[in-house]
Amino acid sequence: MSAGEGYPGVGRVLVVIPTYNEAENVRIIVDRVRAAVPQVDVLIADDNSPDGTGDIADGLAADDPQVHVLHRPGKQGLGAAYVHGFGWAAERDYDAVVEMDADGSHAPEELPKLLDRLTDADVVLGSRYVRGGKVINWPVNRLLLSRGGNIYVRVVLGMSVKDATGGYRAYRMPVLSKIDIESVASQGYCFQVDLAWRAHRAGFRLVEVPITFAERERGASKMSSNIVREALWRVTVWGATDRVNAVKRRLRGRRNQPPAA
Ligand SMILES: Nc1nc2c(ncn2[C@@H]2O[C@H](COP(=O)(O)OP(=O)(O)OP(=O)(O)O)[C@@H](O)[C@H]2O)c(=O)[nH]1
Ligand SMILES: [Mg+2]
């Protein structure tokens, strides 16, 4: 079992890192996390990467009792890997989980900033789009897609989060059980919006802290047009459902009001 003694004010923390073909990155990211915040444990959730990422991860775990590996049967998307990893954390009584990409876009050196805010929040979102947040080395089309997507999410869902698609986050464990994480089917970017939206609707306290997001330097992106289409479609459906429910509630309230004297 892990040796992590816990982060002050938060408790036992598991950093879940999903990987698919990240052989060039996995050792670097794990080393950076362990050096930046020695109290936290790491779980690599690998989807049987053909490039041998899982074997490298096994080597890291063999050398360090705070590093663990979840071998999954095949590529099933980022969302499924996180749901599996969070279940693994719940079974082992962690107090909080962190989402982090393997490609170096999320700097482990910024993790203390996220965990420090978790002492008075339920969910902490690493945010590129609050004051002090930055994006480094992204082509203009990628930045426009991300900013546009976040504006769409804000307008359609009416949620005041500035960066709902970002994937550098910390959650207290009770949030995940309350929002029924096992039932989340969204993948890609949509997985991030889905979790923020569920936590927001359940009344949890979400806070954003500025992060510097850097484009990956090694390995290939798994971003695709399907991921964008999925997000657009699901967010639109959630927003429409929410509006319809609000109207129904208003009508029900009016019906239950006593007639004017
Ligand atoms: N286990 C697992 N991990 C995945 C899967 N798809 C992506 N990942 C991982 O999720 C993280 C984010 O994926 P990226 O390819 O960097 O996608 P992105 O950050 O949206 O795109 P870029 O900004 O272009 O890199 C990385 O650590 C990937 O290895 C998957 O199907 N299964
Ligand atoms: Mg990336």
Side-chain angles (χ1 to χ4, degrees), residues 1-20 22-23 25-49 52-72 78-126 166-179 181-182 184 191-192 195 199 209 211:
M1 199 51 235
S2 63
E5 80 261 29
Y7 193 86
V10 177
R12 293 179 62 240
V13 177
L14 183 70
V15 177
V16 182
I17 305 177
T19 54
Y20 191 75
E22 300 287 3
N25 289 314
V26 67
R27 180 183 297 279
I28 297 171
I29 196 74
V30 170
D31 287 351
R32 281 176 69 186
V33 173
R34 297 287 292 112
V37 194
Q39 304 98 318
V40 304
D41 293 351
V42 175
L43 177 70
I44 299 150
D46 184 65
D47 276 9
N48 200 13
S49 299
T53 302
D55 296 335
I56 300 171
D58 281 338
L60 298 172
D63 291 343
D64 184 344
Q66 281 176 251
V67 177
H68 307 274
V69 189
L70 193 56
H71 290 283
R72 295 166 40 73
L78 174 108
Y82 271 131
V83 169
H84 198 166
F86 293 167
W88 192 97
E91 283 166 14
R92 286 158 184 82
D93 291 327
Y94 280 91
D95 298 299
V97 287
V98 171
E99 297 179 0
M100 184 188 287
D101 286 359
D103 57 7
S105 289
H106 303 142
E109 296 72 25
E110 292 195 301
L111 183 53
K113 204 164 51 173
L114 270 72
L115 293 177
D116 288 345
R117 283 311 300 274
L118 201 60
T119 57
D120 66 351
D122 300 305
V123 183
V124 176
L125 309 173
Y168 194 9
R169 298 177 167 189
Y171 299 87
R172 286 191 173 274
M173 288 310 279
V175 175
L176 299 179
S177 45
K178 181 79 191 293
I179 65 176
I181 183 80
E182 296 290 333
V184 173
F191 175 78
Q192 309 300 358
L195 263 59
V209 300
I211 57 158

Roughly how far, to the nearest 0.5 Å, is [atom2] of [Y] from [atom1] of [X]?
X: Asp41; Y: Tyr94; atom1: CG; atom2: OH; answer: 3.5 Å
X: His71; Y: Asp46; atom1: NE2; atom2: CG; answer: 7.0 Å
X: Ile17; Y: Thr53; atom1: CD1; atom2: OG1; answer: 12.0 Å
X: Glu22; Y: Asp101; atom1: CD; atom2: CG; answer: 8.0 Å
X: His84; Y: Leu70; atom1: NE2; atom2: CG; answer: 4.0 Å
X: Leu114; Y: Arg169; atom1: CG; atom2: CZ; answer: 10.5 Å

Please tell me if the side chains of [X] and [Y] come closer than 4.5 Å, counting only heavy atoms from C-beta onward.
X: Ile44; Y: Ile56; result: no
X: Met173; Y: Val97; result: yes
X: Ile29; Y: Pro108; result: yes

Inset, instruction - Show your working on side-chain contact (heavy atoms from CB on, under 4.5 Å) between Val124 and Asp116 and close with a plain yes or no. - result: CA-CA 9 Å; Val124 176; Asp116 288 345; over 6 Å; no
Legend entry - Arg32, CZ atom: more than 12 neighbouring heavy atoms under 6.0 Å: yes
Considering all heavy atoms of both residues, which atom of [X] and which atom of [Y] are nearest to each other, and what is their separation?
X: Ala81; Y: Ala45; value: O-CB, 4.1 Å
X: Ala170; Y: Val98; value: CB-CG2, 4.0 Å
X: Val15; Y: Val40; value: CG2-CG2, 3.8 Å
X: Ala199; Y: Val175; value: CB-CG1, 4.1 Å
X: Ile211; Y: Lys113; value: CA-NZ, 4.4 Å
X: Ala36; Y: Pro112; value: O-CG, 4.5 Å

Check: [Y] main-chain N/O paired with [X] side-chain donor or acceptor under 3.5 Å:
X: Arg172; Y: Asp95; value: no
X: Arg92; Y: Trp88; value: yes
X: Gln66; Y: Val42; value: no
X: Arg12; Y: Asp93; value: yes

Kindly write out the residues that satisfy side chain to side chain donor-acceptor pair (under 3.5 Å) with [X], not counting sequence neighbours, or none if the list is empty.
X: Glu182; result: none
X: Lys178; result: none
X: Asp47; result: Arg72

Legend entry - Summary of salt bridge (Lys or Arg N to Asp or Glu O under 4.0 Å) pairs that have at least one residue in residues 52-65, sequence neighbours excluded: Arg34-Asp64
Legend entry - Ring geometry between His106 and Tyr168 (parallel below 30°, tilted from 30 to 60°, perpendicular above 60°): parallel
Legend entry - Tyr82: partners by ring pair (Phe, Tyr, Trp, His ring centres under 6.0 Å), with sequence neighbours left out: Phe86, Phe191
Inset, instruction - Under the side-chain contact (heavy atoms from CB on, under 4.5 Å) rule, collect the residues that match up with Ala96, sequence neighbours excluded. - result: Val10, Val13, Leu118
Inset, instruction - Start with the C-alpha gap between Gln192 and Leu78, add the side-chain angles, then the distance that decides, and say whether side-chain contact (heavy atoms from CB on, under 4.5 Å) holds. - result: CA-CA 10 Å; Gln192 309 300 358; Leu78 174 108; 3.9 Å; yes
